Amino acid sequence: MTDTFFNQVYQVVAQIPFGRVTTYGAIAEYLGSKGASRMVGWALNSSKNFPEALPAHRVVNRNGLLTGKRHFGGTQVMADLLQSEGIEIVEDRIINFKEKMWFPETKY
DNA sequence: AACTTGACGGTCA
DNA sequence: ATGACCGCCAAGT
């Protein structure tokens with residue numbers, strides 16, 4: 001059942017620790033399909049059907065840019081959430097992104 | 001049932 | 001350095 005790609009993405013994202021972020025590519029790569037980075041976003045889009053709190057706001061593109069902020073029902077919602085976690089956001093971009101970068105495989 | 005789009009990323013030209 | 005195309009899987013139309 002949870003053998004679907006979007007479902008695996010859902011589980012990985014749910015494991016993202018507080019104050020940490022990851023990228024679509026990292027998740028896709030972890031799942032074995034580096035090119036499926038777009039599917040990660042699709043999975044998150046479907047995740048709205050899940051009652052679980054999915055910290056999708058911690059998932060950004062490889063530029064550390066809040067590309068998905070537009071799907072958060074607002075414009076600053078995503079940035080505000082990340083800032084609340086101690087992540088600095090300027091112009092929808094994460095400051096010290098590489099330091100906040102979190103890999104599902106290393107979980108570090 | 002078929003085609004197009006989609007929170008991306010990497011490589012090629 | 002910039003621009004364009006391909007790849008990946010699933011869902012929407």
Side-chain angles (χ1 to χ4, degrees):
Chain A
M1 142 168 132
T2 48
D3 296 87
T4 43
F5 199 98
F6 82 89
N7 234 308
Q8 294 177 69
V9 172
Y10 157 67
Q11 291 177 64
V12 172
V13 175
Q15 291 168 60
I16 302 175
F18 185 90
R20 205 59 75 89
V21 287
T22 191
T23 70
Y24 303 98
I27 297 170
E29 186 179 341
Y30 172 67
L31 298 180
S33 300
K34 98 178 165 70
S37 45
R38 342 155 45 103
M39 281 41 285
V40 178
W42 248 116
L44 297 178
N45 190 14
S46 299
S47 74
K48 65 185 184 323
N49 295 308
F50 293 83
E52 314 297 323
L54 192 65
H57 58 271
R58 294 180 186 153
V59 185
V60 295
N61 69 346
R62 85 104 189 153
N63 300 300
L65 192 67
L66 283 56
T67 49
K69 67 175 176 119
R70 48 189 182 182
H71 290 284
F72 275 79
T75 322
Q76 300 223 151
V77 180
M78 189 172 187
D80 184 65
L81 286 168
L82 290 169
Q83 289 181 93
S84 298
E85 299 189 357
I87 299 174
E88 300 174 81
I89 308 294
V90 177
E91 302 280 288
D92 298 324
R93 191 193 74 191
I94 298 177
I95 306 301
N96 301 321
F97 171 61
K98 62 181 183 181
E99 293 180 35
K100 308 294 184 180
M101 189 55 189
W102 175 86
F103 296 87
E105 185 170 75
T106 59
K107 298 181 180 174
Y108 175 75

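Just so it is clear, the structure is predicted and the values come from calculations on it, not from any experiment. Letters A, B, ... are given to chains in the order of the sequence lines, protein chains preceding strands, and every chain is numbered from 1.
With B:dG9, B:dA7, C:dA11 as the choices, the nucleotide that has an atom nearest any side-chain atom of A:T67 turns out to be B:dA7. In the set B:dA7, C:dA11, B:dG9, the nucleotide with an atom closest to the side chain of A:A56 is B:dA7. In the set B:dA7, C:dA10, B:dC8, the nucleotide with an atom closest to the side chain of A:W42 is C:dA10.
In this structure, A:F6 atom CZ and C:dA10 atom P are separated by 9 Å, rounded to whole Å. Atom C1' of nucleotide B:dA7 and atom NE2 of A:H57 are separated by 14 Å, given to the nearest angstrom. A:L31 places its CG atom 11 Å from the C1' atom of C:dC9, with the value rounded to the nearest Å. Rounded to a whole Å, the CG atom of A:L66 is 12 Å from the P atom of B:dC8. Atom pair A:I27:CD1 and C:dC8:P shows a separation of 19 Å (rounding to whole Å applied).
Residues of residues 33-41 of chain A having a heavy atom closer than 4.0 Å to DNA chain B, listed by number: A:K34, A:S37, A:R38, A:M39, A:G41.
At a threshold of 4.0 angstrom between heavy atoms, the contacts of A:A28 with the nucleic acid are absent.
Interatomic distance, A:L82 CG to A:R58 CZ, rounded to the nearest 0.5 Å: 8.5 Å. To the nearest 0.5 Å, atom CD1 of residue A:I89 and atom CG of residue A:L81 are 10.0 Å apart.
Taking atom P on both C:dC5 and B:dT5, the two are 14 Å apart, rounded to the nearest angstrom.
By the rule that a glycosidic angle within 90° of 0 means syn, C:dA10 does not qualify and counts as anti.
Base pairing analysis places C:dA4 opposite B:dT11; the two distances defining the Watson-Crick or G-U wobble pair are each below 3.5 Å.
Shown here for A:E91 and A:L65, the closest heavy-atom pair between the two residues is O-CD1, 4.0 Å. Closest heavy-atom contact between A:E88 and A:N96: OE2-ND2, 3.7 Å.
With A:T106 contributing its side chain and A:W102 its backbone, the two residues share no donor-acceptor pair below 3.5 Å. Between the side chain of A:E85 and the backbone N or O of A:G19 there is at least one donor-acceptor pair closer than 3.5 Å.
When the side-chain contact (heavy atoms from CB on, under 4.5 Å) test is applied to A:R62, no partner is found at least two apart in sequence or on another chain.
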